[in-house]
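The next block holds one structure in the form of structure tokens; read it before the comments.
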Amino acid sequence: MNELPSMFNEYDEARQNGFIEVKKYKESGKKVVGTFCTYTPKELIHAAGGIAVSLCGTSNEPIADAEIDLPANLCPLIKSSYGFAITDKCPYFYFSDLIVGETTCDGKKKMYELLGEIKPMHVMQLPQNNVDQESMVLWKKEIMKLKDRIEKDFHVEITPEKLKEAINIHNEERKAKIQFYELGKLSPSPVTGMEILKVLYGSQFKLDKRESIDYIKELTAKIKDEYENGQRATSPDAPRILVTGCPIGGATEKAIQAIEENGGVVVCYENCGGVKANSLLVDEDKEPIEAIAEKYLSIPCSVMSPNTKRLELLSKLIDEYKIDGVVEVILQACHTYNVEATSVKRFVNREKNIPYINIETDYSQNDIGQLSTRMGAFLEMLY
Ligand code: BJ8
């Protein structure tokens, strides 16, 4: 019997059971730290005996409540996150002992000021440039400041040994995810884009790291076995799509559905949650704080200026995954990704000679028909 569908479905269950899971940890005395971004050095939280949970909202549901305080013309991720926080509808926010944010985009950093009125909040000053030596000096100091804050708030000591242990397990998790998403390099891909997303997005709800790593490894091995036995999940003729841009998950799955219902297959996610967050490991041979600072500052998010590392990463991925077309998903009012889209489009069209399209969307389902029409027309060019 093919066990893969039920193995993928376990990620939906993990999402639904998130409340029970985090409550269990809380009751066992663990500290819960809410996070909003890939730049948060989660190893520090782990080394302090705490658990990191993502507070990024991906649902349209609390947006009307958020708009009482926030402008309507703001990124839906920010409005959704804030809406969940003020309505107490998010168990992760409710149970968080501390919230950690970074000065990434303007909307997020101003939201943190408001969240600081509800919960203990620590904001890391993220440099907006990841090539200058001065940026690294500042970022290292910010990592030390976060370490001090966690130690003070949680009455613990983050020793170098604990930090090394945490680095190791987070690297193990990244390696397991890399092995899983690199299945998309096979042609035809043994997994659909929706399945890849289910694992990458859903794994954040599996809070026991060791269990999560073992599960991803088992899933990857089973998919490989099925593939070697001739099972095919996607068509060899389906155009191979790379998705880039803002974080994907929850309400924005509609974009992936629009691609795959129109005959494409998403084989690679460059977004946070995908390659951008996982491809670089923390160097285990270096002094831990230095190594953590280097890894996180290298993340090629559009909040960096310049952000040439993103183009370098895209170039590599387009070649390695034999990409036929690039789809950039931009959340409404995300200025950094929206402006950077011009450079990405030029690079993909001119340097890589493949088609590119971007869509700006929000968390409502109002544009599903329009997304499908646009994706249908785009994919037609790729056959
Ligand atoms: S590292 S992508 S998680 S900042 S909230 S920038 S969509 S306007 S989420 Fe992000 Fe960290 Fe970068 Fe990744 Fe735009 Fe919205 Fe801001 Fe956003």
Side-chain angles (χ1 to χ4, degrees), residues 34-42 52-60 62-63 66-67 70-85 92 99-115 123-130 135 139 142 146 174 177 197 200-201 203-204 243-253 255 269-280 292-293 295-307 309-310 313-314 328-341 344 358-364:
T35 67
F36 283 98
C37 184
T38 307
Y39 283 110
T40 312
K42 301 192 180 73
V53 291
S54 169
L55 301 180
C56 284
T58 60
S59 151
N60 204 40
I63 285 190
E67 286 178 354
L70 302 178
N73 185 24
L74 183 67
C75 164
L77 189 152
I78 301 172
K79 288 191 289 187
S80 177
S81 308
Y82 182 76
F84 274 124
Y92 299 110
I99 313 280
V100 177
E102 298 75 20
T103 52
T104 51
C105 62
D106 290 350
K108 261 187 176 173
K109 67 189 177 205
K110 298 314 282 185
M111 173 186 68
Y112 296 148
E113 292 174 10
L114 298 176
L115 291 185
V123 179
M124 301 179 79
Q125 300 297 318
L126 178 74
Q128 308 283 285
N129 165 304
N130 57 11
S135 298
W139 186 233
E142 288 300 308
L146 176 64
R174 289 182 190 109
K177 285 186 181 171
L197 187 61
L200 294 179
Y201 175 67
S203 57
Q204 65 178 300
V243 170
T244 182
C246 298
I248 300 269
T252 47
E253 280 177 19
Y269 290 90
E270 182 267 346
N271 320 57
C272 277
V275 180
K276 190 184 281 172
N278 294 297
S279 61
L280 280 171
I292 288 173
K295 183 253 159 9
Y296 283 93
L297 197 59
S298 301
I299 294 167
C301 172
S302 63
V303 297
M304 292 293 161
S305 178
N307 191 25
K309 286 181 200 281
R310 181 169 173 217
L313 179 61
L314 282 170
E328 176 147 20
V329 181
I330 300 169
L331 292 177
Q332 175 203 48
C334 175
H335 301 320
T336 55
Y337 275 101
N338 226 340
V339 175
E340 198 166 279
V344 174
N358 67 53
I359 49 171
E360 192 177 355
T361 189
D362 60 12
Y363 284 177
S364 76

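Below, each value reflects all heavy atoms present in this structure, side chains not excepted, and no hydrogens, waters or symmetry copies. Computed from a prediction, not measured in an experiment: that's the story for all the values here. The first residue of the sequence shown is numbered 1, and numbering continues consecutively from there. Each ligand, and each atom within it, is numbered from 1 in the order the structure gives.
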* Structure fact -> By chain and number, the residues contacting ligand 1 below 4.0 angstrom (heavy atoms only) are C37, T38, Y39, C75, L77, I78, T104, C105, K108, C246, P247, C272, C301, L331, C334, Y337

Polar contact flag, side-chain donor to acceptor under 3.5 angstrom, [X]-[Y]:
X: Q332; Y: T361; answer: no
X: Y269; Y: T244; answer: no
X: S302; Y: T336; answer: yes

* To do: State whether K309 and E270 are salt-bridged, where the test is any N-O pair (Lys NZ or Arg NE/NH1/NH2 against Asp/Glu carboxylate O) under 4.0 Å.
  => no

* Give, for atom CG of N130 and atom OH of Y39, the distance between the pair rounded to the nearest 0.5 Å. => 6.0 Å

* L331 and C246: which non-hydrogen atoms are nearest, and at how many Å? ->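 Closest approach of L331 to C246, heavy atoms only: N-SG, 3.3 Å.
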
